[in-house]
Amino acid sequence: MAADSAGLPSNYEFWMQKLSVWTQASTLETQRDICLHLPQFQEFLRQMHETLKEMDSNTIIERFPTIYQLLAKSCWSPFILAYDESLKILIWCLCCLIKKDPQNSRESKLNSWTRRLLSHIVSTSRFDIKEVGLFNQVLGYAPTDYYPGLLKNMVLSLVSELRENHLNGFNSQRRMSPERVRSLSRICVPLVTLPDFEPLVEALLTYHGHEPQEVLWPEFFDAVNEAFLLKKISLPTSAILCLWLRHLPSLENTMLHLFEKLISSERNSLRRIGCFMKESLLPEAAACHPAIFRVVDEIFRSALLETDGAPEVLAGIQVFTQCFVEALEKENKQLKFALKTYFPYASPSLVMVLLQHPKDIPRGLWHQSLKCISEMLKEVVEDYGSYGGPFESWFLFVHFGGWADITAEQLLMSEAEAEPPEALLWLLAFSCSPGAGHQQRAQIMVEVKTVLGHLTKLFRSPALSARDLQAAAEENQGGDPRPPACQQLVRRLLLYFLLWAPGGHAIAREVITLMAQTDAIMNEIIGLLDYTLYRWDHLCMEARRSRKLARELLTELREQASPRQVNQ
Amino acid sequence: MDSLLEHLDRFSEVLAVSRTTHVSTWDPATVRRALQWAGYLRHIHRRFGRHARIRKALEQRLQNQWKQEGDSGPTPAPGLANFQALGHCDQLLSLRLLANPALGDASFHFLLQQLFPGPGVPDAEEEALQGSLARFARCRAAAHMLRFHAYRENPVLQKDSVMKTQAELLLRRLQEVGEAEAEGPGRLLSRLWERLPQSNFLKVVAAALLLPAASPRLQEEELGVGSPRTPGDGRQELLRWLLGKSDIAVAFCRNLPAELLTSVAGRHPELSPVYLGLLTNWGRQLHYDLPKGLWIGTEPQDVPWEELFSRFQSLCQAPPPLKDEVLTALKSYKAQDGDFEVPGLSIWTDLLLALGSLV
């Protein structure tokens with residue numbers, strides 16, 4: 001926020017040079033260069049203003065002797081004046097130069113020059129169309145009366161030309177040449193944030209010419225995407241879809257923007273992230289077109305690998321998939337594209353089962369679905385079949401993260417004396433440790449089975465102590481230490497126990513304090529609580545007591561972790 | 001109500017003065033007052049937009065003011081044109097003051113502080129004016145960029161966006177003026193005829209006559225709510241004036257391209273007898289030059305054969321009833337002349353022969 005005054009002088013020289021080049025001639029090259037630099041130039045102007053407003057006009061001239069030239073040249077290009085807030089900032093800068101009372105004739109002259117420039121750019125009357133101006137003067141209308149209407153008509157006429165192009169193909173006499181369409185996209189670059197231009201932007205995005213290569217300027221796509229991310233323009237999903245399909249970098253930028261939000265220090269709740277996700281239109285676009293889904297998925301996959309399975313990225317994937325499935329259901333009753341186009345590396349039957357929404361299945365039958373999933377995954381993983389290795393299967397599975405948690409809950413709530421089904425144990429073990437070999441996984445299953453054995457016994461007892469739980473979760477004294485993934489799993493089981501067991505509520509806080517030995521574990525528990533609440537919302541789960549407890553715990557723990565921020 | 005009207009009058013005076021050298025006497029307090037008055041009128045606009053009686057009274061007052069200005073002397077700078085203009089009267093005042101070099105430096109400085117307080121302004125009102133001025137300037141720059149880089153004049157005149165805008169404004173103005181006073185539109189049109197380049201004005205008239213009939217709802221939105229005007233009023237006035245002034249009608253029919261006139265005549269049947277009558281007269285002026293084998297005129301202002309023919313050709317390509325009307329007329333003139341089939345005796349015969357398959 002603070003102006004980098006050390007950097008300002010060198011920036012100043014840079015921009016003076018640029019402006020000199022730009023004002024020399026108005027060729028396609030200079031126009032392109034201007035468009036490429038518009039955002040940075042605006043930033044520079046902002047910094048200039050921050051600096052200038054602290055000084056009086058004499059100091060300004062001492063410090064920046066060529067300031068008048070700089071500002072005059074900036075006012076020369078309609079591209080600069082049309083862009084976003086540049087005009088406003090230029091006006092502010094000029095205001096800093098105006099003297100309340102000039103002392104001598106030189107100051108007077110400078111003052112009146114600055115005043116003229118100021119009024120020049122505010123009224124931009126040199127841009128007027130002469131015959132329109134005279135006509136309106138006699139009619140009795142001022143420019144403030146007729147300009148909005150004029151612009152609207154010009155925009156609408158261009159929009160209908162673009163659409164006509166699309167419909168009439170080769171025969172239309174009014175067909176817009178590709179050069180003109182490109183020129184139009186160039187003009188739109190500074191103007192995408194002007195509300196009057198929205199119809200034109202939309203028409204350009206959805207314009208399909210007959211040329212094999214892309215006709216629109218790439219800077220145009222960038223400008224539209226930036227404006228959309230900053231919510232400075234509102235466009236229908238169909239237009240955004242076109243944008244992303246035609247210009248991959250825009251989609252990538254949107255994903256980057258999303259990651260910034262996911263991994264920000266603010267620790268947004270999943271519900272908030274769900275809102276961002278929906279606003280970004282990524283799930284909707286992905287549902288409409290598999291190509292977009294594949295790109296997004298690929299970026300998530302890379303991010304997951306690069307961050308070694310960071311929980312924030314995982315959460316992002318799960319929220320995205322949740323929103324994606326919702327969008328898919330809304331979009332079409334029967335899928336327009338085969339599932340295989342969205343998930344080419346997975347067996348279609350597995351995908352079908354995973355896509356099922358648990359709330360559509362009666363609770364009593366959940367374990368059936370789980371068994372099914374487990375068996376299908378096991379077959380793929382242990383067979384190294386045609387559907388990619390364990391990582392691919394695991395990656396697919398974590399999209400639908402809810403199933404792993406449902407497995408944990410189901411196992412916890414089963415009969416105390418009954419044997420937990422192997423299939424479910426396998427699923428849990430796989431979800432926490434996909435890379436484990438056959439031996440390791442078997443060991444994890446044994447560990448979990450033991451812990452579950454203790455926990456299910458304690459589940460129905462009315463009066464519990466933290467000690468009981470601690471004992472239940474303890475590692476076997478003689479054997480190998482538990483791998484960290486398995487520790488995480490045990491903590492998850494404990495947490496669900498606290499939320500679901502009748503006797504768990506009373507000892508919840510005590511147990512959590514005992515569990516949360518490090519900051520990392522504390523964050524893990526907070527994340528888990530957040531995700532559980534999010535999941536229950538989507539399952540339309542009643543469970544009032546458990547929910548209440550979860551919410552309370554989440555608020556308290558968040559308070560503890562960062563006392564000033566409480567994000568709901 | 002009276003105080004409101006008085007306020008309006010006072011502000012209109014202020015607005016008129018803001019362009020003159022009188023502002024050199026304005027100190028910052030005066031500037032502040034002027035801006036406050038503008039703000040008050042904006043508030044009025046917001047508050048009474050749906051209040052038909054007050055709106056009408058204010059509108060009437062403004063039209064009267066304008067009428068008085070307009071009749072005397074050269075074209076003055078527009079003041080507040082209509083009720084809707086009250087919605088941005090602060091913008092109008094600000095732009096005038098900013099452009100006026102006579103405004104003292106101290107007052108100008110004060111004006112800038114009011115108009116452009118800078119980023120992060122807590123006051124919603126101030127921010128609104130700053131934003132709207134910036135947006136207006138962007139709007140203008142945008143129109144320029146479109147015109148300069150992407151605009152192609154539409155060969156179909158009434159679809160050309162600039163022409164269309166002028167036509168819409170003309171009709172709107174005619175309606176506003178007509179509400180205030182019955183002779184208003186006629187007077188306005190005469191004034192336009194005197195002061196504007198004639199060929200451009202005639203094109204705008206044609207475009208206005210060809211505008212699609214606006215839906216009442218759209219008109220309401222345009223004029224900002226609940227207006228008792230019926231669409232098409234402006235067009236009627238325009239047509240009446242055109243047909244009432246024979247020299248202007250002649251210029252209209254003479255100077256505009258054939259296709260355009262055909263469209264207008266097709267849309268407004270009242271025009272076709274006038275047009276046809278003129279064409280007939282022009283035709284009668286020509287005589288057949290035997291050596292050259294052509295129909296030629298004697299005076300320099302006579303309409304040549306080619307032009308006459310192209311106009312009739314265009315008319316005969318129009319949909320009925322216009323086409324039929326024209327053909328009937330041509331055939332009856334041919335009959336009057338003796339119903340010859342041989343060329344060179346009656347211009348009407350020759351025209352019909354030349355029109356060939358269209359007949």
Side-chain angles (χ1 to χ4, degrees), chain A residues 46 49 53 78-79 81-82 85 87-88 91-92 95 98-102 108 111-112 115-116 118-119 121-125 127-129 131-132 134-151 153-158 174 180 183-184 186-187 190-191 194 196-197, chain B residues 66 70 75 77-79 81-82 84-85 88 91-92 94-95 98-99 101 105-106 108-109 112-113 116 118-119 130-131 133-152 154 159-162 164-166 168-170 173 188 191-192 195-197 200-201 204:
Chain A
R46 240 189 253 276
H49 174 245
K53 77 180 186 194
F79 278 81
L81 292 178
E85 312 209 308
L87 182 106
K88 230 181 349 185
I91 292 176
W92 293 338
C95 288
I98 299 277
K99 283 171 118 32
K100 215 181 339 192
D101 66 287
S108 247
N111 227 34
S112 65
R115 279 175 62 160
R116 264 206 310 280
L118 195 59
S119 102
I121 66 173
V122 177
S123 67
T124 56
S125 54
F127 293 149
D128 279 352
I129 304 167
E131 62 263 24
V132 175
L134 178 59
F135 182 74
N136 279 292
Q137 201 181 5
V138 184
L139 270 189
Y141 286 140
T144 43
D145 295 316
Y146 65 81
Y147 253 99
L150 176 61
L151 187 61
N153 278 346
M154 290 175 91
V155 167
L156 284 179
S157 145
L158 285 165
R174 287 287 292 163
R180 242 184 102 206
S183 172
L184 202 50
R186 189 170 61 242
I187 294 167
L191 288 163
L194 191 62
D196 313 73
F197 262 55
Chain B
W66 187 66
T75 315
N82 46 33
Q84 205 181 346
H88 43 249
Q91 268 187 54
L92 191 53
S94 308
L95 289 172
L98 280 172
D105 285 315
F108 191 86
H109 188 260
L112 287 181
Q113 280 178 331
F116 304 112
Q130 180 172 249
L133 282 170
R135 178 164 168 183
F136 176 69
R138 270 184 95 192
C139 199
R140 242 161 145 163
H144 164 81
M145 283 168 76
L146 281 180
R147 186 98 202 290
F148 200 70
H149 295 277
Y151 174 74
R152 292 287 178 278
N154 194 325
K159 290 206 181 133
D160 179 74
S161 52
V162 176
K164 196 163 163 236
T165 311
Q166 286 174 278
E168 285 169 357
L169 289 165
L170 177 63
R173 196 50 160 166
L188 171 61
R191 202 186 312 161
L192 287 165
R195 295 186 186 172
L196 293 175
N200 192 56
F201 177 59
V204 175

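From a predicted model like this one, the values you see are computed outputs, not experimental measurements. Naming: A, B, ... by sequence-line order, numbering from 1 per chain.
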So which atom in [X] and which in [Y] form the shortest heavy-atom distance, rounded to 0.1 Å?
{"X": "A/Lys88", "Y": "B/Gln130", "answer": "CD-CG, 3.9 Å"}
{"X": "A/Pro148", "Y": "B/Cys139", "answer": "CA-SG, 4.3 Å"}
{"X": "B/Ala137", "Y": "A/Ile121", "answer": "CB-O, 3.8 Å"}
{"X": "B/Gln91", "Y": "A/Thr144", "answer": "OE1-CG2, 3.6 Å"}
{"X": "A/Met154", "Y": "B/Ala143", "answer": "CE-O, 3.7 Å"}
{"X": "A/Gly140", "Y": "B/Arg173", "answer": "O-NH2, 3.9 Å"}

Identify which part of [X] has an atom lying under 4.5 Å from any heavy atom of chain B, answering side chain, backbone, both or neither.
{"X": "A/Phe197", "result": "side chain"}
{"X": "A/Leu118", "result": "side chain"}
{"X": "A/Ser183", "result": "side chain"}
{"X": "A/Leu158", "result": "side chain"}
{"X": "A/Ile91", "result": "side chain"}

As an exercise, state the distance from [atom1] of [X] to [atom2] of [Y], rounded to the nearest 0.5 Å.
{"X": "A/Lys100", "Y": "B/Asp105", "atom1": "NZ", "atom2": "CG", "result": "11.5 Å"}
{"X": "B/Arg191", "Y": "A/Leu139", "atom1": "CZ", "atom2": "CG", "result": "9.5 Å"}
{"X": "A/Ile187", "Y": "B/His144", "atom1": "CD1", "atom2": "NE2", "result": "9.5 Å"}
{"X": "A/Cys95", "Y": "B/Gln113", "atom1": "SG", "atom2": "CD", "result": "9.0 Å"}
{"X": "B/Arg140", "Y": "A/Leu81", "atom1": "CZ", "atom2": "CG", "result": "12.5 Å"}
{"X": "B/Gln166", "Y": "A/Leu134", "atom1": "CD", "atom2": "CG", "result": "9.5 Å"}

Given a strict heavy-atom distance threshold of 4.5 Å, which part of B/Asn82 is in contact with chain A: side chain, backbone, both, or neither?
side chain
Under 4.5 Å heavy-atom distance to chain A, tell me which part of B/Leu95 shows up: side chain, backbone, both or neither.
side chain
Hey, are the side chains of [X] and [Y] touching, using non-hydrogen atoms and a 4.5 Å cut-off?
{"X": "B/Thr165", "Y": "A/Phe135", "value": "no"}
{"X": "B/Arg195", "Y": "A/Gln137", "value": "no"}
{"X": "A/Trp92", "Y": "B/Pro119", "value": "yes"}
{"X": "A/Pro190", "Y": "B/Met145", "value": "yes"}
{"X": "A/Pro143", "Y": "B/Phe136", "value": "yes"}

Step-by-step side-chain contact (heavy atoms from CB on, under 4.5 Å) determination, B/Arg135 to A/Leu194
CA-CA 8 Å; B/Arg135 178 164 168 183; A/Leu194 191 62; 4.2 Å; yes
Test side-chain contact (heavy atoms from CB on, under 4.5 Å) on A/Asn153 and B/Glu168 and set out the steps.
CA-CA 10 Å; A/Asn153 278 346; B/Glu168 285 169 357; 3.0 Å; yes
Taking it one step at a time, do A/Ile98 and B/Phe108 satisfy side-chain contact (heavy atoms from CB on, under 4.5 Å)?
CA-CA 9 Å; A/Ile98 299 277; B/Phe108 191 86; 4.0 Å; yes
Report the C-alpha distance between B/Leu169 and A/Val132 in whole Å, list the side-chain angles of each, state the deciding distance to 0.1 Å, and finish with yes or no for side-chain contact (heavy atoms from CB on, under 4.5 Å).
CA-CA 10 Å; B/Leu169 289 165; A/Val132 175; 5.7 Å; no
Decide whether A/Asp145 and B/His88 meet the rule of one side-chain donor and one side-chain acceptor closer than 3.5 Å.
yes
Parallel, tilted or perpendicular: rings of B/His149 and A/Phe79 (30°, 60°)
perpendicular
